[in-house]
Amino acid sequence: RLALVELDVDDLPYFKVMVEGPTAAGGEELCPGDHVYIWMTGYQHHGIVLDVTPTTMKVAEFTNAALEQTMFHSGSVPVASRTLSTGVQNNWQTILVEDPSTWHKAKYQANGLECWSWRPGTCYDATPDPPPVILCRIEFLMGNRHVLPDYHLLQCNCEMVAYWCSTGRWMTRQGDAALKSATGVLP
């Protein structure tokens, strides 16, 4: 069970933020704490940027080993994103992305029209918390795996974890869209 803790951003540990980081597919600069995703066949795979250099980024992903085997060995993930720095351990992995332009930055503070018209899982109307808070959340989850249920496509997936790290709220736009589509309810 997750507890709500008030944090004073000024008291959080320092996290390195590069002045000139790599850019995402849409041309946005990528920084630690950004919620990012990459397109797979029929869905997006989400993560949180942990660190950047001018040409690479390190991403933490909540996943399952079977999904990663399929993604990385089927060619779904571009070769430039395949440099793994860890394997899947307790549903977590950290990857070094050598070509960040293959990833997209999730849009936050989107207006209603954007949320309705963009593909589910790519934009949100919420305001993300400051990067140090996001990075503390991902670090907490990676070190306390027992607080999350096992990976499940609709109940506990990579988008939900990335969104929770970014906002402190638990939800999935992809899962909502899939359920609405399966039941015939329009979004």
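Since we're looking at a predicted model, the values are computed, not measured. When a residue number appears, it is its place in the shown sequence, counting from 1.
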Practice task
Kindly say whether Val36 contributes a backbone atom to a donor-acceptor pair with the side chain of Asp34 at under 3.5 angstrom?
Solution key: no

Exercise for the section: Any chance you could measure Trp39, atom CH2, to Thr122, atom OG1, to the nearest 0.5 Å? Expected result: 6.0 Å

Exercise for the section: List in chain and number order the residues that pass side chain to side chain contact (heavy atoms under 4.5 Å, CB included) with Thr167, two or more places apart in sequence or in another chain; answer none if no residue qualifies. Expected result: Tyr108, Ala126, Tyr163, Arg169

Practice task
Just jot down the side chain to side chain contact (heavy atoms under 4.5 Å, CB included) partners of Ala24, sequence neighbours excluded, or say none.
Solution key: Glu28, Leu30, Lys105

Fill in the blank from the handout: Here the gap from Ile134 atom CD1 to Glu139 atom CD, rounded to the nearest 0.5 Å, amounts to 14.0 Å

Exercise for the section: Could you tell me which residues satisfy side chain to side chain contact (heavy atoms under 4.5 Å, CB included) with Ala162, sequence neighbours excluded, listed by chain and number? Expected result: His35, His46, Ile48

Handout entry: Over all atoms of both residues, closest heavy-atom pair of Asp129 and Gly168
Key = OD2-N, 4.1 Å

Exercise for the section: Could you walk me through whether Cys158 and His45 pass side chain to side chain contact (heavy atoms under 4.5 Å, CB included), step by step? Expected result: CA-CA 7 Å; Cys158 57; His45 190 59; 3.5 Å; yes

Handout entry: Spatial distance of atom SG (Cys136) from atom CG (Leu141) [nearest 0.5 Å]
Key = 11.5 Å

Exercise for the section: Might you point out which heavy atoms bring Glu114 and Cys123 nearest each other, and give the distance in Å? Expected result: O-SG, 3.4 Å

Problem - Approximate separation, where rounding is to 0.5 Å, of Ser166 OG and Glu159 CD - result: 10.5 Å

Practice task
Evaluate the side-chain proximity of Val52 to Pro32: yes if any heavy-atom separation is below 4.5 Å, no if none is.
Solution key: yes

Handout entry: Contact summary for Gly47 and Val59, nearest pair of heavy atoms
Key = CA-CG1, 3.8 Å

Handout entry: Closest heavy-atom pair and its distance - Thr127, Gln109
Key = OG1-NE2, 3.3 Å

Completion exercise
CG of Asp99 to CE of Met57, rounded to nearest 0.5 Å, is 9.0 Å

Practice task
Report the residue from Thr94, Ile95, Val49 that forms a side chain to side chain contact (heavy atoms under 4.5 Å, CB included) with Lys58.
Solution key: Thr94

Problem - Between OG1 on residue Thr56 and CG on residue Leu96, distance to nearest 0.5 Å - result: 5.0 Å

